[in-house]
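FYI, the numbering just counts along the sequence from 1.
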Amino acid sequence: MFNQSSEAMNTFDITDVGHIERIVVGSITPGEMPTEQDNQAKMARINRCLSDFPKGRIIGVERSFSVVRVGEHQVVLEAVVYHIGFKKVPMWLKRKSAVNLIIKLTQRKLINLSANIKTKNLP
């Protein structure tokens with residue numbers, strides 16, 4: 001590590017990528033138009049991916065532009081998709097995934113519980 005030049009330490013080999021995070025900023029479907037707060041949250045996530053440990057690198061960018069006619073109106077859909085590569089999955093991404101999974105499971109349990117209560121016709 002100490003004997004390597006700074007140029008060698010700053011290189012990023014695509015074969016070292018073990019995890020790719022895909023973040024869509026903008027809209028790709030007319031039924032799901034994101035708010036400005038949604039876009040700001042996604043940009044904050046991109047910035048965290050590029051600055052927190054382990055630092056990710058942008059390995060790909062997709063740009064999408066389309067005009068869709070919805071009834072009498074034309075809707076312009078624009079989106080930029082960032083592919084951010086990491087050598088390993090960041091711990092903060094694992095935690096966020098685990099929390100989202102717990103929330104989904106809790107919601108399913110509540111739905112099943114309410115369905116059971118309705119079928120039993122409790123007073």
Side-chain angles (χ1 to χ4, degrees):
M1 179 171 140
F2 295 110
N3 295 333
Q4 295 178 346
S5 68
S6 63
E7 198 173 293
M9 289 179 67
N10 290 329
T11 60
F12 184 77
D13 188 3
I14 196 75
T15 60
D16 290 339
V17 173
H19 175 74
I20 297 174
E21 190 69 16
R22 183 177 189 267
I23 302 172
V24 179
V25 180
S27 113
I28 52 176
T29 57
E32 299 174 15
M33 299 297 283
T35 64
E36 184 63 28
Q37 291 83 11
D38 293 336
N39 287 335
Q40 291 297 327
K42 289 179 182 181
M43 291 305 296
R45 185 171 180 187
I46 290 169
N47 287 330
R48 184 170 186 188
C49 287
L50 298 175
S51 61
D52 280 4
F53 180 81
K55 286 188 180 184
R57 300 275 181 105
I58 295 176
I59 59 173
V61 177
E62 299 173 37
R63 290 177 177 83
S64 172
F65 178 85
S66 59
V67 179
V68 180
R69 183 175 293 272
V70 179
E72 297 178 5
H73 305 285
Q74 286 186 339
V75 179
V76 177
L77 303 175
E78 296 179 87
V80 178
V81 182
Y82 296 91
H83 300 272
I84 302 172
F86 295 92
K87 289 186 178 184
K88 60 181 182 176
V89 181
M91 288 301 293
W92 55 271
L93 275 177
K94 285 183 183 178
R95 284 189 211 116
K96 187 172 184 176
S97 301
V99 168
N100 287 341
L101 179 62
I102 290 169
I103 290 170
K104 286 180 185 177
L105 291 175
T106 304
Q107 289 173 341
R108 286 183 192 160
K109 285 182 181 179
L110 289 173
I111 291 170
N112 290 339
L113 181 62
S114 66
N116 288 339
I117 291 171
K118 287 179 183 176
T119 58
K120 291 182 182 179
N121 296 326
L122 296 175

Distance (rounded to the nearest 0.5 Å) between [X] [atom1] and [Y] [atom2]:
X	Y	atom1	atom2	answer
Glu36	Asp38	CD	CG	9.5 Å
Leu50	Phe86	CG	CZ	7.0 Å
Thr29	Leu77	OG1	CG	7.5 Å
Arg22	His83	CZ	NE2	5.0 Å

Is there a donor-acceptor pair under 3.5 Å between the side chain of Asn47 and the backbone N or O of Ala44? no
Applying the side chain to side chain contact (heavy atoms under 4.5 Å, CB included) test to Val81, which of Ile28, Val61, Val24 qualifies?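 The side chain to side chain contact (heavy atoms under 4.5 Å, CB included) with Val81 is passed solely by Val24 among Ile28, Val61, Val24.
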Side chain proximity check, [X] to [Y], heavy atoms < 4.5 angstrom:
X	Y	result
Ile14	Ile59	yes
Lys87	His19	no
Val75	Val67	no

Can Met33 be reached from Val70 by stepping across I, L, V, M, F, W or Y side chains whose heavy atoms are under 4.5 Å apart?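 Result: yes, single cluster for both.
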Common cluster, Tyr82/Trp92, ILVMFWY with side-chain heavy-atom separation under 4.5 Å: yes
Note: Glu21-Arg45 ion pair, threshold 4.0 Å (strictly below): yes
Within the supplied structure, the quantity of interest is the number of heavy atoms (other residues, nucleotides, ligands) at a distance under 6.0 Å from Phe65 CZ; does it exceed 12? yes
Worked check of side chain to side chain contact (heavy atoms under 4.5 Å, CB included) between Val25 and Met43: CA-CA 7 Å; Val25 180; Met43 291 305 296; 3.9 Å; yes
